[in-house]
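All heavy atoms count here, side chains included; hydrogens, waters and symmetry mates do not.
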Amino acid sequence: MTRNGIEHRHQFKFGAFRSEAAALALARARRDQLMREHPEIPRWRIIERAICRGQPGGVAYVAGPDKQASCWCAQTPMVDGTLMRENFGIARFPKTARQMAIAERERQLNLMVEGFAAKAERDAASNRLGNGQKDASMYGIVRQKTYWQVKLERSRKRFGKTFSFAQLGGIQDALAQAQAWRDDIVRQHPPVMRQQRANKLRRNNKTGIVGVTCVLWPDGRPRQWSAHTYIAPGKMLQKAFSVYRYGEDAQRLAIAERQKQLEQMEGRARLHPVEEQVRRSSAKKTSKRSAGSDGRSNESAP
């Protein structure tokens with residue numbers, strides 16, 4: 001069973017010492033125990049953690065100078081950075097203030113989730129329009145008043161060049177040279193592989209091992225080693241190894257699990273929607289030029 005990205009396994013064998021029905025009953029009891037101990041994290045909680053900036057919302061009792069001045073408060077952070085807040089005074093709602101605050105909190109959470117989904121959709125649409133997805137030929141190229149400007153970035157290194165209309169024989173000739181230069185950069189500097197980026201050690205890493213974390217007991221002793229890898233947007237692989245069960249091998253098993261997870265990661269990092277189109281087009285042009293030059297050389301040969 002997998003709960004919140006962590007896989008839980010246990011075997012209940014049957015045979016000479018245990019019947020199949022008894023083993024099945026134990027397995028079901030274990031499953032029910034895991035479901036109680038590890039409830040699924042709801043989507044709204046994940047979204048709230050992402051946007052709350054360290055100040056999650058909730059329902060709270062706000063005490064006043066006296067009971068009549070006190071209230072129940074429901075508040076939730078919104079995607080636009082605002083905080084939705086509603087108070088329910090004890091004086092006005094003496095018996096239902098708490099229930100009303102809980103209902104208001106649920107309404108606010110629904111609005112937060114809907115706003116998050118709408119923003120994600122708007123951002124995706126904006127990126128598709130802004131990054132030239134509809135026209136691969138103009139990827140990385142922007143027209144200025146008197147020249148074409150090419151701007152690309154690879155592994156935090158920026159490439160840029162301008163192509164003047166007046167100096168290069170007009171708008172179309174300048175564009176052709178800008179596209180040729182852009183294609184050359186795309187071909188020579190492809191984005192890094194996702195596995196390579198995933199193995200980069202971050203500043204906040206405390207174990208010195210990328211993708212492997214250690215959970216400690218209150219006294220500082222290791223409790224478990226965990227391996228986790230984001231293999232796709234919204235999809236994370238995670239597996240934990242208890243020190244109580246595996247001893248000193250828990251860290252080694254977590255490192256090995258991390259390598260298995262990395263093998264499922266494919267493709268290049270931050271790939272532009274039309275990057276592959278430009279790369280294929282550039283490769284075709286290069287092959288045609290090579291074929292043309294070979295043909296000319298054969299014709300000139302005696």
Side-chain angles (χ1 to χ4, degrees), residues 2-6 34-131 194 197-198 200 202-207 210-216 218 223-224 226-238 240 269-270 273:
T2 300
R3 305 292 284 182
N4 301 320
I6 300 178
L34 286 173
M35 293 180 67
R36 290 193 303 270
E37 294 178 351
H38 304 278
E40 288 285 355
I41 299 177
R43 184 166 182 264
W44 66 261
R45 187 178 296 277
I46 297 175
I47 295 175
E48 187 174 51
R49 288 177 179 176
I51 67 175
C52 71
R53 300 177 182 176
Q55 298 180 348
V59 176
Y61 178 78
V62 181
D66 53 56
K67 186 175 182 179
Q68 294 301 314
S70 302
C71 67
W72 282 92
C73 173
Q75 62 180 26
T76 304
M78 294 291 114
V79 179
D80 59 0
T82 61
L83 183 67
M84 184 175 290
R85 181 186 178 104
E86 190 74 25
N87 296 328
F88 299 88
I90 301 297
R92 184 177 180 184
F93 309 104
K95 297 182 179 180
T96 60
R98 182 173 180 272
Q99 289 74 13
M100 294 177 68
I102 294 174
E104 173 62 18
R105 165 70 169 168
E106 293 178 353
R107 186 187 73 85
Q108 294 173 0
L109 287 173
N110 289 331
L111 292 176
M112 179 191 69
V113 173
E114 293 174 2
F116 184 86
K119 183 177 184 299
E121 185 176 352
R122 290 195 303 269
D123 291 345
S126 177
N127 289 337
R128 288 194 297 270
L129 295 175
N131 60 21
R194 295 182 63 230
R197 184 184 65 174
K200 184 178 180 181
R202 309 294 179 182
R203 292 182 179 179
N204 59 353
N205 187 292
K206 298 181 180 180
T207 64
V210 180
V212 176
T213 57
C214 182
V215 180
L216 305 176
R223 176 184 175 186
Q224 70 177 21
S226 174
H228 60 276
T229 305
Y230 288 92
I231 62 172
K235 184 178 181 181
M236 181 179 73
L237 299 179
Q238 185 170 348
R270 297 179 182 177

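- Rounding to the nearest 0.5 Å places CG of N110 at 10.5 Å from CZ of R105.
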Please output the side-chain donor-acceptor pairs of residues 85-98 that fall under 3.5 Å, not counting sequence neighbours, one pair per line with the distance.
| from | atom 1 | to | atom 2 | distance (Å) |
| --- | --- | --- | --- | --- |
| R85 | NH1 | Q75 | OE1 | 2.7 |

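- When every heavy atom of V62 is checked against every heavy atom of C73, the shortest pair comes out as CG2-CB, 3.9 Å.
- Atom CE of M78 and atom CG of L83 lie 8.0 Å apart (nearest 0.5 Å).
- Judged as a side-chain hydrogen bond (donor to acceptor under 3.5 Å, both in side chains), and not counting sequence neighbours, the contacts of D80 are T82.
- In this structure, OG1 on T76 lies 7.5 Å from CD on E104, to the nearest 0.5 angstrom.
- A pairwise comparison of heavy atoms in G57 and E48 identifies N-OE2, 3.1 Å as the closest pair.
- For the pair M112/L109, a side-chain contact is recorded, criterion being any heavy-atom separation below 4.5 Å from C-beta on.
- Residues A74 and Q108 come closest through the heavy atom pair O-NE2, 3.3 Å.
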